[in-house]
Protein chains: 4
Amino acid sequence: MAQILSAALSEFAEMGYEGARLDAIAERAGISKPTIYLYFDNKEALFTEVIENTITRTIREASEAVELADGTTEEALRLILGLAYDHFIDTELMSIMRLLIAEGGRFPELLETYHKVAFTQGRALMQGVLRRGVARGDLRPSPAIETPELVIAPAVFLSIYRMTFNRFAPIDKEEFLGAHLDIILNGIRAEEHA
Amino acid sequence: MAQILSAALSEFAEMGYEGARLDAIAERAGISKPTIYLYFDNKEALFTEVIENTITRTIREASEAVELADGTTEEALRLILGLAYDHFIDTELMSIMRLLIAEGGRFPELLETYHKVAFTQGRALMQGVLRRGVARGDLRPSPAIETPELVIAPAVFLSIYRMTFNRFAPIDKEEFLGAHLDIILNGIRAEEHA
Amino acid sequence: MAQILSAALSEFAEMGYEGARLDAIAERAGISKPTIYLYFDNKEALFTEVIENTITRTIREASEAVELADGTTEEALRLILGLAYDHFIDTELMSIMRLLIAEGGRFPELLETYHKVAFTQGRALMQGVLRRGVARGDLRPSPAIETPELVIAPAVFLSIYRMTFNRFAPIDKEEFLGAHLDIILNGIRAEEHA
Amino acid sequence: MAQILSAALSEFAEMGYEGARLDAIAERAGISKPTIYLYFDNKEALFTEVIENTITRTIREASEAVELADGTTEEALRLILGLAYDHFIDTELMSIMRLLIAEGGRFPELLETYHKVAFTQGRALMQGVLRRGVARGDLRPSPAIETPELVIAPAVFLSIYRMTFNRFAPIDKEEFLGAHLDIILNGIRAEEHA
DNA sequence: CATGAATGAGAATTCATTCAT
DNA sequence: TATGAATGAATTCTCATTCAT
C-alpha cells in the first residue's frame, strides 16, 4: 500500500489528476490495476489519500525537526527558513503543492487540509520567531509581524521556480537563501545617515 | 476565434489540460465542437495557442504601461510592484501561471515561451530599477541586485495564495503590497541605534 | 433510435438486464457502441426506455383494436380473449413480461408502469364484459366477476409456457384457447340432474 | 454446503444469474469466496446445482404429501390445487420458477429438468384426478381432460402475480383459490334454466 | 463557415477465478 | 478445509476527432 501511494504521488504529480492513469500507477507500483481497488475505493479516494498521507507524514517529520534552538533571533530565523527550504524545495511536499495549485479548485477539502495542517502551522511558527525577536529588541515592529507570509514568500517562490523555469535559468538554493535572509533582515535601502 | 480562445482559457484554467472538455469549450464559446477544428488542429494546438496568445497579449498591454516614471527610486519600485500585483493577481495571467505550474512538465516549450516573454522581461525591468537605485545612492549594493526575483517573490506568492488558501484566510492585496514594500526597503531588523 | 430500441429489446429479453451487453445491442442495431450514448444516458436509461416504449406502443395498438363488438356475451369473451392471446403470446409484450418477472425486483417503477398501463386496463376490460354478461342474464354472478384475473390466467400461463416448456411438449395456441373458453364458460363438472 | 446453496438461491433469485455476485453469496453464507470453489467448479455449476437441488428437494417433499385421498372428486381437486398453491406461491419453488423464466433461454437443460421432474409429474397427477372424475361421472368429458394445464393455470398466474404486481393491488391467496375452484367446476355461464 | 451524427481508442471499474499459505 | 491477496478479462462509459452535408 505504501508502494501504491508512492507510485500514485509520482504519477499524479507528473500528470495531474485527470492526466494520471491507474494503469501507470499500477505499473510504477509493480502490481496489477485491480489491486489498487483492494485498497482504495476509486481514483478520487486514491488521490485524496495520497495528498493527505503525504502532507501528514511530511509535516510530522518536519515538526519533529523544529525544536527551535534557543539561539539568537537571527539564528532562529536562519534555522526556520533553512527548514522551509529543505522541506519545500525539490521534495514530495513540493509535488503536493503543485498538485494543490493545479487541482485545488476541484478538491477544496484538500486545500483546506493542507492549509490547516501545513500552512497555518508554519505561519504560526514564523510569527512566533518574529514576535520573540521584537520582544528582545532584535526586530523592529514591522508589518511583517502580522504578515509573516512575507518572510516565507521567497521560499514558496523558489519552490515554484524550481518546478518551472529553473531549467532555463537555474537559481542556486543556498545562494538564494543567503540573499533572502539578507534582504529580509536589512532591506535594500541604503543607510539613511552619512 | 477570440471567443474560442477566451472560452478555452477559462475551461483550461478551471479544469487543467486533461480535464478540459472540447464540448465545454464549444458551449462556452457558443459554437459547435467541430468548429473548433476549423481554427485549431487539435486540443494541444488549442492549448498552446491559448497560452501563448494570452501571454503575448497581456505582456503587450503591460509593457505599454511600463513607461517608467522618472521619479525617485522608491516611486519606481512602488510603480513596478503595483503593476506586478495588478497584472498577476486575480487576472488571466494568474490562470496562465497556474496552468504552467500544473502542466509545465508536459509542455516545456510553453514554459520556455513564458520564461522568455514574461519572466525575463519583468526580471530585467526590476533589475534596472534596482541598479539605478544603487547608482543614485538610494539603495545599498545588496544581493538583491543580482537576485531581483527576491523582490518580486511576494507578488508571486500572493498570486498563488489567492488561487488556493485565500478562501480560508483572506489576505488583502493592498495591505500586503504595503507591507511588502516596507519590508523590502527597510528589512525587519531593528535600527542598530547607537 | 427505433433500431436501437428494437435491438435493445431483443438483447435484454434474451440476456436479462445484467447479461445484456451494449456491444451486442450496438451490433444488432448496426451502429457503434458510443452512438447508443447519443440517445440514452446509460444502460439503465436504455432499459427503462425500452420497456416503457414497448408497453405504450403495444398497448396503443391493442386499445385501438378493442372496439368491443356489440355481439353476444360469448362473442365478446371470445374476442377479448382472442386479443389477449394474440398480443401476449410469442410477441414483444411477452418479452416485456419475461423481463419484468426477471428484473421487476430491481426496477419497481417499471412494474408499476406496466401494471397501470397494461394490466389494470386489461382487467377492467374483462370485468366490463363479465358484468354486462351478468346484467344480460348470460352469466351467473360468479366470483369471477370480482376476480376477472381468473378468466385471463390461462392466457398468461400459456405465454409463460411458450417461453419455457413449449419446446419439450408443445401446446397449440388455438386448441388451448378453445379449451380455455369452454372450461371458463361451462366448468368441468358434469350436468347435475339426470 | 447447504448454507452455500441456500445463500446462492437467495442471491440468484434476487439478482438473476448475471446479477448475482459470488462475493454476496459468500457473505450470505458466512464464508469466504474461494471456499465456494471447494464445492463447486464455477458460477454456472453452482447455479445449476442450486436449481436442481431445490427442485428435487421440494418435489420430494411435495410428493410425500400427495398421497391422494380416496375422497370424492371434488375433495381430490381441492386437495391437489391446495397443494399447488402451497408449494408454488411465496416459496422457494416460486423463486426457481422466476429464475427459469428469466434464464431458461441460457440454461435449457435446467428447463428440461424442471419440466421432467416437476411439471410433467404435476400435470399427470392432475390429469389422473380429472380422468377418475369422468369415470365416476362427476366430471364431464371436457377438453380439460387433455389439457389439465388449464386447471393449474390460475395457480401459476397467482405465483407470477405475487412476484410482480401484488404490491400494487394485492390478491388474497385463499379467496383466489376459492374462486378458482368455483369457476373451474361450474364455469361462469348462467344455468340454462328450462 | 458551420454542424449533426458518428466512432476509434482508451479510461475507470467490476468480478469470476486462482494460488500461496 | 479455508482464506487473504491478487489479477485477467471483460464491461460500461467518455472524449477527441472525423465527415457528409
Side-chain angles (χ1 to χ4, degrees), chain A residues 1 3-4 11 15 17-27 29-47, chain B residues 1 4 8 11 15 17-27 29-47, chain C residues 1 3-4 11 15 17-27 29-47, chain D residues 1 4 8 11 15 17-27 29-47:
Chain A
M1 235 203 64
Q3 39 181 351
I4 299 179
E11 174 76 3
M15 311 300 284
Y17 177 73
E18 290 284 350
R21 302 288 163 231
L22 290 187
D23 270 340
I25 293 173
E27 197 174 359
I31 56 169
S32 80
K33 217 184 342 167
T35 300
I36 296 174
Y37 287 87
L38 289 181
Y39 300 97
F40 304 93
D41 278 353
N42 48 42
K43 190 181 183 181
E44 183 173 336
L46 174 57
F47 182 68
Chain B
M1 232 204 66
I4 299 180
E11 174 77 3
M15 310 301 285
Y17 178 71
E18 290 284 350
R21 304 286 162 238
L22 290 190
D23 269 334
I25 293 173
E27 195 177 358
I31 57 166
S32 77
K33 217 183 345 169
T35 301
I36 296 174
Y37 286 88
L38 292 179
Y39 299 96
F40 304 93
D41 279 353
N42 49 40
K43 190 181 183 181
E44 185 174 335
L46 173 58
F47 181 68
Chain C
M1 234 203 66
Q3 38 179 352
I4 299 179
E11 174 76 4
M15 312 300 284
Y17 178 71
E18 290 282 351
R21 302 290 162 231
L22 291 186
D23 270 341
I25 293 173
E27 197 174 357
I31 57 169
S32 79
K33 215 180 351 166
T35 300
I36 295 174
Y37 287 88
L38 289 180
Y39 300 97
F40 303 94
D41 279 351
N42 49 41
K43 190 181 181 179
E44 183 173 336
L46 174 57
F47 181 69
Chain D
M1 234 203 66
I4 299 179
E11 174 77 3
M15 311 300 286
Y17 178 71
E18 290 284 350
R21 303 288 162 235
L22 290 190
D23 270 334
I25 293 173
E27 196 177 357
I31 56 166
S32 79
K33 217 184 346 171
T35 301
I36 296 175
Y37 286 86
L38 293 178
Y39 299 96
F40 304 93
D41 279 353
N42 49 40
K43 191 182 183 181
E44 184 173 337
L46 173 58
F47 181 68

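In what follows, every chain begins at residue 1, and chains take the letters A, B, ... in the order their sequences are listed. Any value given below was found using the heavy atoms of this structure, including those in side chains, with hydrogens, waters and symmetry copies removed.
Rounded to a whole Å, the CD atom of Glu27(A) is 16 Å from the C1' atom of dG10(E). Going from atom CD1 of Ile36(D) over to atom P of dT1(F) covers 15 Å, rounded to whole Å. Going from atom CE of Met1(C) over to atom C1' of dA5(E) covers 15 Å, rounded to whole Å. Glu18(C) has its CD atom 12 Å from the P atom of dT11(F), to the nearest Å. The nearest whole Å value for the distance from the NZ atom in Lys43(B) to the P atom in dT14(F) is 15 Å. Distance CG (Asp23(D)) to P (dA6(F)): 16 Å, rounded to an integer number of Å. For the pair Asp41(D) CG and dA16(E) C1', the interatomic distance rounds to 13 Å; values are reported in whole Å. For Asn42(B) and dT18(F), the CG to P distance is 8 Å, given to the nearest whole Å.
Across every strand in view, dT21(F) sits in a pair with dA2(E) that passes the Watson-Crick or G-U test at under 3.5 angstrom. Across all strands shown, dT7(F) forms a Watson-Crick or G-U wobble pair, both distances under 3.5 Å, with dA16(E).
Comparing Lys33(A) and Lys33(B) against DNA chain F, the residue whose closest nucleotide sits nearer the 5' end is Lys33(A). Along DNA chain F, the nucleotide closest to Arg21(C) and the one closest to Tyr39(A) are compared, and the more 5′ of them pairs with Tyr39(A). Along DNA chain E, the nucleotide nearest to Tyr37(A) and the one nearest to Ile31(C) differ in position, and the one closer to the 5' end is contacted by Ile31(C).
A heavy-atom distance below 4.5 Å is not found between the side chains of Leu46(D) and Asp41(D).
The structure places NZ of Lys43(D) at 7.5 Å from CD1 of Ile25(D), a figure rounded to the nearest 0.5 Å. The line from CD1 of Ile31(C) to CG of Leu38(C) is 8.0 Å long, rounded to the nearest 0.5 Å. To the nearest 0.5 Å, the span separating CD1 on Ile4(D) from CZ on Phe40(D) amounts to 5.5 Å. Rounding to the nearest 0.5 angstrom, the gap separating the CD atom in Glu11(B) from the CZ atom in Arg21(B) is 8.0 Å.
Minimum atom distance to the side chain of Pro34(D) is reached by dG4(F), of the listed dT17(F), dG4(F), dT12(F). Of the listed nucleotides (dC13(F), dT17(E), dA2(E)), dC13(F) has the atom at the smallest distance from the side chain of Leu22(C).
Remark: Thr35(C) is in phosphate contact with dT7(E), judged by side-chain N or O atoms under 4.0 Å from OP1 or OP2.
When heavy atoms are screened at a 4.0 angstrom cut-off, Leu38(B) is found touching base atoms of the nucleic acid. Within 4.0 Å (heavy atoms only), Ala20(A) reaches sugar-phosphate atoms of the nucleic acid but no base atom. Residue Ala24(B) is classed as having no contact, given no heavy-atom separation below 4.0 Å to the nucleic acid. No engagement by Phe40(A) is indicated, since no non-hydrogen atom pair under 4.0 Å with the nucleic acid exists.
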